[in-house]
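Down below is the structure, laid out as structure tokens.
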Amino acid sequence: MTHTQSSPERYDPAAVEARWQRRWRERQTNATDLSGAVRPYYNLMMFPYPSAEGLHVGNVFAFVGADVHGRFRRLQGWDVFEPIGFDAFGIHSENYALKVNTHPAELIPRNIARFREQLTRVGLMLDWDHEVQTTDPRYYKWTQWIFLKLFEAGLAVKKKAPVNWCPECKTVLANEQVIDGRCERHPDTPVTQRFLEQWFFRITAFTERLLENLQRIDWSESTRLMQTNWIGRSEGAELVFRTEYGTPIEVFTTRPDTVFGATYMVLAPEHPLVQVLTTDERREEVDAYRRRAAAMDVVTRRVGEKEKTGVFTGATCRNPATGEQVPVWIADYVLMEYGTGAIMAVPAHDERDYAFALTFGLQIRQVVEPPAGTPVDAPAPRPDVPPLYTGWEGTLVNSERFDGMTPTDAVPAITEWLESQGAGKKRVQHRLHDWCISRQRYWGPPIPIIYCAHCGTVPVPEVDLPVELPPLEDFRPDESGVSPLARNEDWYQVPCPTCGGDARRETDVSDTFLDSAWYFLRYPSSDFDDRPFDPTLTDKWLPVDSYIGGNEHAVLHLMYSRFITMALHDLGHLAFEEPFTRFRAHGMIVKDGAKMSKSRGNVVIPDEYIARWGADTFRMYLMFLGPYQEGGDFRDEGISGIRRFLDKVWGLVNAATFEGGEITAPTMRKLHQTIRGVAEDLEELRYNTAIAKLMEYVNVLRGKGSDDASVPDVCSELLEPLVVMLAPLVPHFSEECWERLRHDTSVFDASWPVFEAGLAEEDHVELVVQVNGKVRGRVSVPVGIAHEDAIRRALQLESVKRFVEDRPLRKTIYVEDRLVNLVV
RNA sequence: GCCCGGGUGGCGAAACUGGCAGACGCAUGGGACUUAAAAUCCCUAGGGGGCAACCCCGUGCGGGUUCGAAUCCCGCCCCGGGCACCA
């Protein structure tokens, strides 16, 4: 049955991995025949920014998880396309280049070379024939082309707007890049506001579709939620208050039911009507306040719960519900970018208005009475003032004919009533803003626009693309608010494409997120220079079947990619409007419970581990340390367990018998249960439990529990399925084992073992026997035994009899093949 | 403040739809092999009690529903993430 090996060959990962990587390269194992594929499967991973530090463990974790998925799909018979590229434009690269005082054009190729080496070493099934680099003019030609298409469609517009300015980056930032009022790249630097002419993509034209489609795409729930919140849909009404001269001031409110309690109004300091409304005697004070607000940085202005400030304009407006004249104020707690930039203040039922009214002694009128016993949000500070109550429960008071209604019923009733007087209508408001894509920096694709004194804003003709980024010695940004390209007259002075007269190029470059918003469209078509994406190949391969990446891109990259795809769809360039059919967010790898960072000094360098343990052991360890979609804590002690496991498999494979030995029924059952379980787990990216099941199977094969220390002889029939199931996780190792099991083709040309339900079924199960809900014994019974029989068997147990005694059974519960519970 | 996710042995974790809590692995202890060590193999391993068969307690805390709760409900505490003067 068993034999002791004379001199067992040790598993040497370095040798095995070098050998198979060479062979994969020679045999083109990982190259996909894009036009010939029969069952195309597009397996995408988020392409990296090629930093000078090289691949991070977090990257490796992300990529390996995606690679395991791709390899699993391949074994299931799909023609898997697993491409990779490099996202090398942008502030990140440029800032680093400035720091080390080397041109990014020189740094990036070096970094990319290092990344290629590392990615290959990890053993990813990447098709290098379709690599893309966003910094390649062959690529960004088409990034510029997308800009032109959006421009033609009126989806790229230039407008003067208050924008986020990072004094450190010396450029504007998209709202998505501002975190806590600070630049995402410079957490110590508050973002300031500037009023600049910028190019915007009208993502807000797609808001409702971006929101609705979230219902029907198979994405991680967490990611969909983040996008939903980011879009920030609010239902309410737009109401009109008029000045004594009849000038309308529109306000947006989610609580039209409280309009009878609107005792004053507030406009944003930047609101265009402020000029018109302010009375002469108030003008000086109002102007001073507006100047202060304009100069204020975003943090100080945006941080909530600070003292409310504001100034009375001297004007009054008529509340359309009560007919009263109410004072009009300006205050910085009202934001110009949201709603109409003006609000009706209902101090009794809004926290901010309440604080403001108390500060400035404005009238507070309760119009919603909370039901008895419902806590209010803030007790009344004085007897003559009502408490603050922001809830939706209760009844309306002081609201004339609407008194007694619930707020929920009053919303449509009051909205319709005001609408009949031309003073309001239903409205939906979103938090999402247009995407500002201008960057006053050097390291990006120039925006393909030319300004001509005669012809105005002229798009660069398609035949002139790409507008190449000129090599600039000094690419340092400055305070001027314009790009370093604006210092290069030779470059920006061009004839107008329309009239031939003197004209000037746009000197801003576009946001890096535009580069990455379409790279997945380019991969299959990377060979074509005359089209961004070939219609036939695009039809065949897109949308992406599986996309795996980090949730840090939930609202940036993933939202922009959806928008660009949707826009290109509407313009007739794509047949689909959602780019990623399935998206899964992976978790984060932490070290000692904390996020890895250079400042903490807890960064794990993957190379050292791969050198010491081999890529396969490292891959499998990463997949085992926690649920893939949650991430986990990196502890190096755990790696040895994986290595021990691979050594055991190695031992079994090298002692395999080929003549077809006897296979016991329990072993066969375990095999088929494993085939089913592992497939289910891999399908759902539950890599840690898939590995546990493979370990269990190996324990069975090794006859764990027997005291025989030698390696048992196991027939190849039991080992082949194991090796195939291991292949997605440990590809080199599995190839080597496959060969030793006397195969001369790649294990990835094999197919996933077939699950046979009949072989997995047990004929007996162990029923748990409870008495009054407590486990008192177990009994082995045939599968599917009848209720009465199960009870009878249970009652025969001594341990059960003792607890039942002579008492009659009041009730019996039988869960088939699981348990019986006797209630006495 | 609002919206998610989480809290289970010494540690990472598992547990289908409410049905044996702790699979799998790490570390630890004991044993085998060895002159010895490493490697390897075997056993034990939530806490407490008992010579033992067994018994009691136990999934962040306090209540509840249920024959039965890590899982469902109510009220809290702590950790992680997202949003945040968004009307």
Side-chain angles (χ1 to χ4, degrees), chain A residues 8 10 179-181 221-230 232 234 236 251-255 258 266 301-306 308 331-335 337-346 350-353 355-356 377 429-432 551-552 554-555 587-588 590 593 595 621 624-627 629-642 644-645 647-648 651 680 686 688-696 699 702 704-711 766-775 777-778 798-799 802 810-815 818-824:
Chain A
R10 276 182 59 83
I179 290 150
D180 276 339
E221 188 56 35
S222 57
T223 315
R224 292 201 310 212
L225 244 145
M226 281 165 80
Q227 291 212 350
T228 306
N229 292 341
W230 188 260
S234 298
V251 300
F252 173 72
T253 178
T254 52
R255 295 298 299 266
T258 62
V266 187
R301 166 138 185 203
R302 287 277 174 92
V303 160
E305 279 139 59
K306 59 160 185 158
K308 292 284 176 287
D332 64 6
Y333 80 91
V334 174
L335 309 172
E337 312 87 85
Y338 187 76
T340 59
I343 61 155
M344 66 171 198
V346 185
D350 179 278
E351 199 181 332
R352 294 147 301 173
D353 298 343
F356 191 82
D377 298 275
Q429 176 66 40
H430 298 99
R431 211 189 66 99
L432 183 71
N551 244 348
E552 67 272 18
V555 289
M588 200 172 45
V590 297
K595 204 170 168 168
Y621 168 66
F624 188 59
L625 56 62
Q629 297 186 58
E630 285 165 39
D633 202 73
F634 188 94
R635 294 169 319 120
D636 17 16
E637 312 94 71
I639 301 182
S640 59
I642 299 294
R644 276 203 275 267
F645 168 71
D647 280 335
K648 287 169 191 169
E680 280 170 5
R686 290 189 301 248
N688 56 334
T689 51
I691 293 168
K693 289 182 173 86
L694 291 164
M695 287 173 166
E696 281 186 53
N699 285 340
R702 292 179 62 252
K704 193 179 151 96
S706 78
D707 50 4
D708 190 345
S710 61
V711 179
E766 210 171 58
L767 278 190
V768 169
V769 181
Q770 297 183 334
V771 179
N772 289 338
K774 288 197 184 244
V775 179
R778 325 193 139 77
E798 273 310 315
S799 55
R802 192 162 0 121
R810 283 201 288 133
K811 189 174 176 185
T812 62
I813 284 119
Y814 172 55
V815 182
R818 274 185 198 285
L819 62 60
V820 294
N821 187 10
L822 310 174
V823 186
V824 292

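Numbered from 1 within each chain, the chains take letters A, B, ... in sequence-line order.
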When the P atoms of B:rG80 and B:rG12 are considered, how many whole Å apart are they? 16 Å
Which residues pass the ring pair (Phe, Tyr, Trp, His ring centres under 6.0 Å) test with A:Tyr621, not counting sequence neighbours? A:Phe634
Out of B:rA84, B:rC85, B:rA27, which nucleotide sits closest to the side chain of A:Tyr333? B:rC85
The side chain of A:Glu696 lies closest to which of these nucleotides: B:rA23, B:rA87, B:rG19? B:rA23
I need the minimum non-hydrogen distance between A:Gln227 and A:Ala554, along with the two atoms involved. NE2-O, 2.7 Å
Can you name the residues that form a ring pair (Phe, Tyr, Trp, His ring centres under 6.0 Å) with A:Phe356, not counting sequence neighbours? A:Tyr264, A:Trp329, A:Tyr333, A:Phe360
Selected nucleotide, minimal atom distance to A:Lys648 side chain, candidates B:rC24, B:rC26, B:rC41: B:rC41
pair_partner(B:rU17), Watson-Crick or wobble, both distances < 3.5 Å, evaluates to none
Nucleotide nearest A:Val334 (side chain, heavy atoms from C-beta), chosen from B:rG82, B:rG19, B:rA87: B:rA87
Take atom OH of A:Tyr621 and atom C1' of B:rA13, then tell me their distance rounded to the nearest Å. 12 Å
Return the minimal non-hydrogen interatomic distance between A:Arg431 and A:Tyr338, and the atom names on each side. CA-CE1, 4.0 Å
Find the distance A:Lys693:NZ to B:rC24:P and express it as a whole number of Å. 12 Å
Starting at CD1 of A:Ile639 and ending at P of B:rG25, how long is that distance when rounded to a whole Å? 17 Å
Atom pair distance, as rounded to whole Å: CD in A:Glu552 and C1' in B:rG80: 15 Å
Which nucleotide, if any, forms a Watson-Crick or G-U wobble pair with B:rC26, using both distances under 3.5 Å? B:rG10
For B:rC4, take OP1 and OP2 only and decide whether either is under 4.0 Å from a side-chain N or O of A:Asn551. no
Could you tell me whether the side chain of A:Asp377 reaches within less than 4.5 Å of the side chain of A:Glu351, counting heavy atoms only? no
Among B:rG68, B:rC26, B:rC3, the one nearest A:Asn229 by side-chain distance: B:rC3
For a side-chain contact (heavy atoms from CB on, under 4.5 Å) check, start with the C-alpha distance between A:Val346 and A:Arg255, then their side-chain angles and the critical distance, and finish with the verdict. CA-CA 9 Å; A:Val346 185; A:Arg255 295 298 299 266; over 6 Å; no
Under 4.0 Å: is that the gap between some side-chain N or O of A:Arg635 and OP1 or OP2 of B:rG25? no
What does B:rG80 pair with, Watson-Crick or G-U, if both distances are under 3.5 Å? B:rC4
Side-chain N,O (A:Thr254) to OP1/OP2 (B:rC86) below 4.0 Å: no
Counter-base of B:rG68, judged by Watson-Crick or G-U geometry with both distances under 3.5 Å: none
With the side chain of A:Ser640 defined as its heavy atoms from C-beta on, choose the nearest nucleotide among B:rA27, B:rC4, B:rA87. B:rA27
Taking a pair to mean Watson-Crick or G-U wobble geometry with both distances below 3.5 Å, B:rC61 pairs with B:rG75
So what does A:Arg644 touch, heavy atoms closer than 4.0 Å: a base, only the sugar-phosphate, or nothing? sugar-phosphate
With rounding to the closest Å, how many angstrom separate the P atoms on B:rG46 and B:rA21? 14 Å
Go nucleotide by nucleotide along RNA chain B from the 5' end; which of A:Gly339 and A:Met226 gets its closest nucleotide reached first? A:Met226
Would you say B:rA14 has OP1 or OP2 under 4.0 Å from some side-chain N or O of A:Asn688? yes
Please report the distance, rounded to the nearest Å, between CZ in A:Arg224 and P in B:rC83. 19 Å
Which pairs, protein N/O on one side and nucleotides 54-57 of chain B N/O on the other, fall under 3.5 Å?
| residue | atom | partner | partner atom | Å |
| --- | --- | --- | --- | --- |
| B:rC56 | OP1 | A:Arg776 | NH2 | 3.3 |
| B:rC56 | OP2 | A:Arg776 | NH1 | 3.2 |
| B:rC57 | OP2 | A:Lys774 | NZ | 3.1 |

Within a strict 4.5 Å, meaning less than it, do heavy atoms of the A:Gln429 and A:Thr254 side chains meet? no
Using whole Å, what does the distance between atom P of nucleotide B:rG12 and atom CZ of A:Phe634 come to? 16 Å
Taking only side-chain nitrogens and oxygens of A:Arg818, does any of them come within less than 4.0 Å of OP1 or OP2 of B:rC16? no
Name the closest nucleotide to the A:Arg702 side chain, picking from B:rA87, B:rC42, B:rC24. B:rC42
Please tell me which of the listed nucleotides, B:rG25, B:rA87, B:rC20, lies nearest to the side chain of A:Met695? B:rG25
